[in-house]
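The structure appears below as structure tokens.
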Amino acid sequence: MSSTMKAMTYAQYGGTEVLEQTQRPIPKVAPGAVLIRVKAAGVNPVDWKIMSGGLDGLMDVNFPVVPGWDVAGVVEAVGFDTPDFAVGDAVYSYGRRDTIQGGTFAELVALPAAIVAHKPASLSWEQAAALPLTGMTAQRTLDALAVMTGETLLIHNGSGSVGRTAIQLAVNGGVQVIATGSAKNHARLRELGAEPVAYGPGLVERVRTIAPEGVDAVADFADDVVQDTLALLKPDGRHASIADWTVLSHGGQYIWVRPGTEELERLSALVEDGTLSVDVAQTFPLQEVAQAFEASMSGHGTGKIVLTEFTN
């Protein structure tokens with residue numbers, strides 16, 4: 001058996017030009033860990049932000065880096081004391097660790113069992129890889145806002161992957177959702193159960209035509225919208241952002257997601273009972289991660305970008 005695997009890596013910070021396909025040692029499988037053969041890996045904006053050095057002040061990086069946090073695949077091996085999984089199990093994970101190095105954009109990745117869950121049977125590999133960080137972010141944001149049946153929630157960037165997930169979760173809980181998005185995405189936002197509005201100048205007035213007294217809560221998945229948020233919140237309203245630290249100085253919450261099996265299992269249950277669907281916009285083979293990052297950077301996607309197995 002080979003001791004190496006194909007992986008996409010970068011040895012220094014930069015743009016997509018620093019990415020290259022290399023051979024890396026197959027990860028060791030520690031006690032309480034599983035080795036996963038990657039069938040699909042989700043692309044998140046944080047992946048290329050880390051590559052550019054954008055999180056250098058926050059997280060340690062050991063070069064060369066295999067990027068990627070989201071994964072769906074098959075258990076190839078288990079470490080000692082790992083009764084949760086067996087070889088051959090279909091699993092998925094939000095595989096962030098405290099140090100950036102061994103990510104999911106490779107043939108194999110080793111992850112602690114405590115952040116891995118069995119893949120929902122109804123999802124394809126691509127859909128399963130698209131769900132972890134997106135789904136957990138939406139779920140954690142709504143938990144933080146504690147939105148309740150009958151309340152009104154404004155979602156900035158409702159047409160993004162996190163926004164689409166949050167719409168479905170909130171609507172399932174009996175919440176009225178108003179979601180911003182470009183006109184081309186309004187039909188899909190309505191299908192998901194939200195009332196769509198165009199973003200940009202005049203947003204406050206457009207939202208007020210739907211919710212004259214303001215909204216109970218705001219989920220910011222866009223950035224640079226805090227003034228609109230404050231203008232639309234009721235006096236006792238709550239707001240949270242995944243993109244803008246300044247909400248903390250305005251009584252809001254900043255959301256950062258922790259990996260964990262329990263949160264994935266919550267999402268799995270919602271998928272299996274038909275509450276939650278997953279949109280995949282584009283797929284690229286792993287060796288084309290640069291093109292996938294460029295598509296993600298464009299910000300014009302209508303769903304998640306996912307990498308599939310190497311084809312070379």
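Just so it is clear, the structure is predicted and the values come from calculations on it, not from any experiment.
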Is there a chain of hydrophobic side chains (I, L, V, M, F, W, Y, each step under 4.5 Å between heavy atoms) that links [X] to [Y]?
X: Met5; Y: Ile36; result: no
X: Ile210; Y: Tyr199; result: no
X: Val162; Y: Trp48; result: yes
X: Phe221; Y: Ile167; result: yes
X: Leu133; Y: Leu142; result: yes

Provide the closest heavy-atom pair for [X] versus [Y] in the form atom of the first, atom of the second, distance.
X: Val306; Y: Ala129; value: CG1-CB, 4.2 Å
X: Asn62; Y: Val65; value: O-CG2, 3.6 Å
X: Trp125; Y: Ala90; value: CH2-CB, 3.6 Å
X: Leu189; Y: Pro196; value: CD1-CB, 3.9 Å
X: Ala240; Y: Thr141; value: CB-CG2, 4.2 Å
X: Ser277; Y: Leu192; value: OG-CD2, 4.5 Å

For [Y], does its backbone N or O pair with a side-chain atom of [X] as donor and acceptor, under 3.5 Å?
X: Gln127; Y: Ser124; answer: yes
X: Thr82; Y: Phe80; answer: yes
X: Gln287; Y: Thr311; answer: yes
X: Gln139; Y: Glu263; answer: yes
X: Arg206; Y: Val197; answer: no
X: Glu262; Y: Gly260; answer: no
X: Asp220; Y: Asp223; answer: yes
X: Asp47; Y: Asn44; answer: yes
X: His239; Y: His250; answer: yes
X: Arg24; Y: Val66; answer: no

Is it the case that the side chains of [Y] and [X] hold a donor-acceptor pair, with the cut-off being a distance below 3.5 Å and no angle test?
X: Asp70; Y: Tyr94; result: no
X: Glu126; Y: Thr308; result: no
X: Glu272; Y: Ser122; result: yes
X: Thr134; Y: Lys304; result: yes

Original post:
Would one find more than 12 heavy atoms of other residues, nucleotides or ligands at under 6.0 Å from atom CZ of Phe85?
Top reply: yes
[atom2] on [Y] to [atom1] on [X], rounded to 0.5 Å:
X: Phe310; Y: Gln21; atom1: CZ; atom2: CD; value: 5.0 Å
X: Thr104; Y: Trp69; atom1: OG1; atom2: CH2; value: 10.5 Å
X: Leu232; Y: Gln227; atom1: CG; atom2: CD; value: 11.5 Å

Subject >> Verdict with reasoning, Thr275 to Gln168, per side-chain hydrogen bond (donor to acceptor under 3.5 Å, both in side chains) >> reply: CA-CA 7 Å; Thr275 296; Gln168 295 176 77; over 6 Å; no
**OP:** Please assess Asp143 against Arg266 for the test salt bridge (Lys or Arg N to Asp or Glu O under 4.0 Å), listing each intermediate value before the final yes or no.
**Re:** CA-CA 12 Å; Asp143 287 348; Arg266 284 178 63 192; 2.9 Å; yes
Original post:
When you check the gap from the basic side-chain N to the acidic O, do Glu151 and Arg238 get nearer than 4.0 Å?
Top reply: yes
Original post:
Is the shortest side-chain N to carboxylate O distance from Glu205 to Arg208 below 4.0 Å?
Top reply: no
**OP:** Take Thr246 and Tyr254 through the side-chain hydrogen bond (donor to acceptor under 3.5 Å, both in side chains) test and state the conclusion after the steps.
**Re:** CA-CA 8 Å; Thr246 68; Tyr254 186 80; over 6 Å; no
Original post:
Is there a side-chain contact between Leu35 and Val75, using heavy atoms and a 4.5 Å cut-off?
Top reply: no
Original post:
Can you find a pair of side-chain heavy atoms, one from Leu267 and one from Met136, that are under 4.5 Å apart?
Top reply: yes
Using atom types as modelled, flag every donor-acceptor pair under 3.5 Å from a side chain in residues 174-183 to any protein atom, sequence neighbours excluded.
| from | atom 1 | to | atom 2 | distance (Å) |
| --- | --- | --- | --- | --- |
| Gln176 | OE1 | Thr152 | OG1 | 3.0 |
| Thr180 | OG1 | Asn157 | N | 2.7 |
| Ser182 | OG | Asn185 | ND2 | 3.2 |

Under 3.5 Å, which donor-acceptor pairs link side chains of residues 107-119 to any protein atom two or more places apart or in another chain?
| from | atom 1 | to | atom 2 | distance (Å) |
| --- | --- | --- | --- | --- |
| Glu107 | OE1 | Lys6 | N | 2.7 |
| His118 | NE2 | Asp89 | OD2 | 3.3 |
| Lys119 | NZ | Leu123 | O | 2.5 |

